[in-house]
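Only heavy atoms go into these numbers, but all of them, side chains included; no hydrogens, no water, no symmetry mates.
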Amino acid sequence: MAIQKSAPAVDGVQSFRLPDVGEGLIEAELLSWYVKPGDEIKVNQMICEIETAKAVVELPSPFAGTVRELLAEEGQTVDVGAVIITVDDGTGGSASGADPGAEEGGDTEAREKPLVGYGEKAASTQRRARRRPAPSAPSSPPVPQSAAPPAPAPAVVAVPPAPAPASGPAGRPLAKPPVRKLAKDLGVDLGSVAPTGDGGIVTRDDVRAAAEAARAPVQAEPQPEAAPAAPADRSARERRIPVKGVRKHTAAAMVGSAFTAPHVTEFLQVDVTKTMKAVARLRARPDFADVRVSPLLLVAKALLMAVRRHPEINATWDGDNQEIVVKDYVNLGIAAATERGLVVPNVKDADAMTLPELAAGLKRLTDTARAGKTSPADMSGGTITITNVGVFGVDAGTPILNPGEAAILAFGQIRDMPWVHKGELKIRKVTTLSLSFDHRLVDGELGSKVLRDIGTALEDPELTALAWG
């Protein structure tokens, strides 16, 4: 990656500004420095590693000389165009530690043109300012004990007296015969029971409560209630993961896709017994000796055949011009889970490849993604995507569209299942396919035809290849 010099040298000190290594990126995280102040470096020597919103990239130095100062720390998020390193090329005198590209009044900075590939940040683009700790205020003098406000007196709650038991004729408490018998059995004097029934009638519960109160031990004085236990501090058992780089980009892209394109997902269970036999035969062929042959390879080929039969599925929605753009080439995206998050590199012109070429292309992309070295070029320009959820032991899903694409295919795990085959119940290799599509440009008929063609190609891949070419 060739990077032009960022600014004219001042007193022999060159300033290198963070370039836009992707498509309109505005910031990147500096992962690690390969050099330190005082090191001698050469032109195009790799000096640092950065993580953009799309990939991890190494930056080469456009200068030769002695590293003077590193102006960004590892782990810091840096704006595109900011000076990250200065290099003394030995052609001038000493320079101050300030930005050597700046002159008094900032006239030189204003006259500098943006570097090739940097681009100027749009005025409407804003970044949330990082929160800096507020300056600590001088502590107030301690308040003397005598000046402290007196503690408020505890509130006194008046307890209404218990209602006197109602009496019937000749002062006899009101109670039904069964209640009177219960009181007699429990040794309770009805005249001492506070009634709670309608009309002042003593109830069974009143009698039982009086009996329990009589049996309860007398407490000399009320004991203070125990103070509630302080809630446990759970922060020591929690982990916080900063959302940045690839994860930040993926989160924003998925939210934008989910709330922009109306998603529809259809499912299809397919007998892939013949596909698994074809995979085993391909692995034994010499022309596949250096590549990995997996069921995903034949799923990708089936999708490409379906796209050729129904090219409208390989399209994008142009909202500005109110047009559907059908693409007569297929850049096949393969979703890959990495330590830095989900990335979707794509095989360029996959529809024009032979099966061995497609296998080699898929292997290169997945190996690069797992190594964390996927380039921005591999991440851009995709037209349709496959996500293999089967490797995680999942049957199906409702995948969210990769932004700008009309469809995404989820490939579930392959399991042994009972299946009616040639009129008999047998154990077959079965998988579930899930096709999500943008309902603005793909209606139910088109989506169903594409999904059915993929299923047909996997049910009998060899016959389908002969019939469809």
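Under the 4.5 Å side-chain criterion, counting only non-hydrogen atoms from C-beta, Ile386 is in contact with Leu296. A heavy-atom distance below 4.5 Å is not found between the side chains of Val87 and Val13. For the pair Leu282/Leu355, a side-chain contact is recorded, criterion being any heavy-atom separation below 4.5 Å from C-beta on. Residues Ile26 and Asp79 are not in side-chain contact: their nearest non-hydrogen atoms beyond the backbone lie 4.5 Å or more apart. Two residues are said to be in side-chain contact when any heavy atoms from C-beta on lie closer than 4.5 Å; Phe411 and Pro295 meet this criterion. Residues Thr385 and Ile334 have side chains not in contact (no heavy-atom distance under 4.5 Å, counting atoms from C-beta outward). Thr432 places none of its side-chain heavy atoms less than 4.5 Å from the side chain of Leu268. Between Leu59 and Pro19, some side-chain heavy-atom pair lies under the 4.5 Å cut-off.
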- Message: Run the side-chain contact (heavy atoms from CB on, under 4.5 Å) test on Thr260 and Arg440 for me, step by step, so that the C-alpha distance in whole Å, both residues' side-chain angles and the decisive distance to 0.1 Å come before the verdict.
- Response: CA-CA 10 Å; Thr260 301; Arg440 293 176 299 178; 4.1 Å; yes

- Could you check Thr265 against Thr398 for side-chain hydrogen bond (donor to acceptor under 3.5 Å, both in side chains), going step by step and ending with a plain yes or no? CA-CA 6 Å; Thr265 304; Thr398 55; 5.1 Å; no

- Where do Glu49 and Lys373 land on the salt bridge (Lys or Arg N to Asp or Glu O under 4.0 Å) test, with the steps shown first? CA-CA 11 Å; Glu49 183 181 48; Lys373 301 297 183 181; 3.0 Å; yes

- Task: Could you give me the CA-CA distance, side-chain angles and deciding distance for Asp349 and Met353, then say whether side-chain contact (heavy atoms from CB on, under 4.5 Å) is met?
- Result: CA-CA 7 Å; Asp349 295 314; Met353 293 182 174; 5.8 Å; no

- Message: For Leu458 and Val299: C-alpha separation, side-chain torsions, deciding distance, then whether side-chain contact (heavy atoms from CB on, under 4.5 Å) applies.
- Response: CA-CA 7 Å; Leu458 293 175; Val299 172; 4.0 Å; yes

- Message: Under the criterion side-chain contact (heavy atoms from CB on, under 4.5 Å), I'd like the reasoning laid out for Val343 against Met379: C-alpha separation, chi angles, the key distance, then a yes or no.
- Response: CA-CA 8 Å; Val343 297; Met379 298 274 287; 3.9 Å; yes

- Task: Apply the test salt bridge (Lys or Arg N to Asp or Glu O under 4.0 Å) to residues Lys429 and Asp416: give CA-CA distance (whole Å), side-chain angles for both, the deciding distance (0.1 Å), then the verdict.
- Result: CA-CA 5 Å; Lys429 301 290 185 181; Asp416 290 336; 2.9 Å; yes

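A donor-acceptor contact closer than 3.5 angstrom links the side chains of His310 and Asp453. Neither side chain, Glu27 nor Thr77, offers a donor N or O lying under 3.5 Å from an acceptor on the other. Looking only at atom types and distance, the side chain of Asn331 has no donor-acceptor partner in the side chain of Thr383 under 3.5 Å away. Using modelled atom types, one finds a donor on one side chain and an acceptor on the other under 3.5 Å when comparing Lys348 with Asn346. For the 3.5 Å distance criterion, the side chains of Thr316 and Glu405 fail to qualify, holding no donor opposite an acceptor. In summary, the side chains of Gln45 and Tyr34 do not present any donor paired with an acceptor at a separation below 3.5 Å, with no hydrogens or angles considered.
The distance from atom CG of Leu446 to atom CG of Leu435, rounded to the nearest 0.5 Å, is 9.0 Å. For the atom pair Arg68 CZ and Phe63 CZ, the distance stands at 14.0 Å (nearest 0.5 Å). For the atom pair CE (Met276) and CZ (Arg428), the distance works out to 12.5 Å, reported to the nearest 0.5 Å. A distance of 8.0 Å separates CD1 in Ile384 from CG in Leu409, rounded to the nearest 0.5 Å. The line from CD1 of Ile85 to CD of Glu69 is 10.0 Å long, rounded to the nearest 0.5 Å. The distance from atom OG of Ser436 to atom CD1 of Ile408, rounded to the nearest 0.5 Å, is 7.0 Å.
Here the closest heavy-atom approach between residue Gly12 and residue Asp88 is recorded as O-OD1, 3.2 Å. The nearest pair of heavy atoms linking Phe392 to Ala337 is CZ-CB, 4.3 Å. Nearest approach of Pro60 to Phe16, heavy atoms of both residues: O-CZ, 4.0 Å. When all heavy atoms are compared, the tightest approach of Thr387 to Pro399 is CG2-CB, 4.0 Å. Smallest separation of non-hydrogen atoms from Thr374 and Pro345: CG2-CB, 4.0 Å. Here the shortest heavy-atom pairing between Leu358 and Ala350 reads CD1-CB, 4.1 Å.
In summary, Lys449 and Glu312 do not engage in a salt bridge, as defined by a charged side-chain N under 4.0 Å from a carboxylate O. A salt bridge is absent between Asp351 and Arg308; no separation between the charged side-chain nitrogens and carboxylate oxygens falls under 4.0 Å. Comment: Arg415 engages Asp395 in a salt bridge, judged by a side-chain N to carboxylate O separation of less than 4.0 angstrom.
Under a 3.5 Å cut-off, the side chain of Thr86 and the backbone N or O of Ser15 do not form any donor-acceptor pair. Panel note: side chain Asp39, backbone Lys36; a donor-acceptor pair is recorded below 3.5 Å. A side-chain donor-acceptor contact under 3.5 Å links His439 to the backbone of Val442. A distance-only check finds no donor-acceptor pair linking the side chain of His263 to the backbone of Asp438 [under 3.5 Å].
Under a cut-off of 6.0 angstrom, the local environment of CZ in Arg283 is crowded, with over 12 non-hydrogen atoms contributed by other residues, nucleotides or ligands. Within a 6.0 Å radius of NZ in Lys327, more than 12 heavy atoms belonging to other residues, nucleotides or ligands are found. Counted within 6.0 Å of CD on Gln322, heavy atoms from surrounding residues, nucleotides or ligands total more than 12; the atom is thus considered enclosed. In this structure, Asn321 places its CG atom where more than 12 heavy-atom neighbours from other residues, nucleotides or ligands lie under 6.0 Å away.
A salt bridge (charged side-chain N to carboxylate O under 4.0 Å, His left out) with Arg452 is found for exactly one of Glu445, Glu266, Glu459, namely Glu459.
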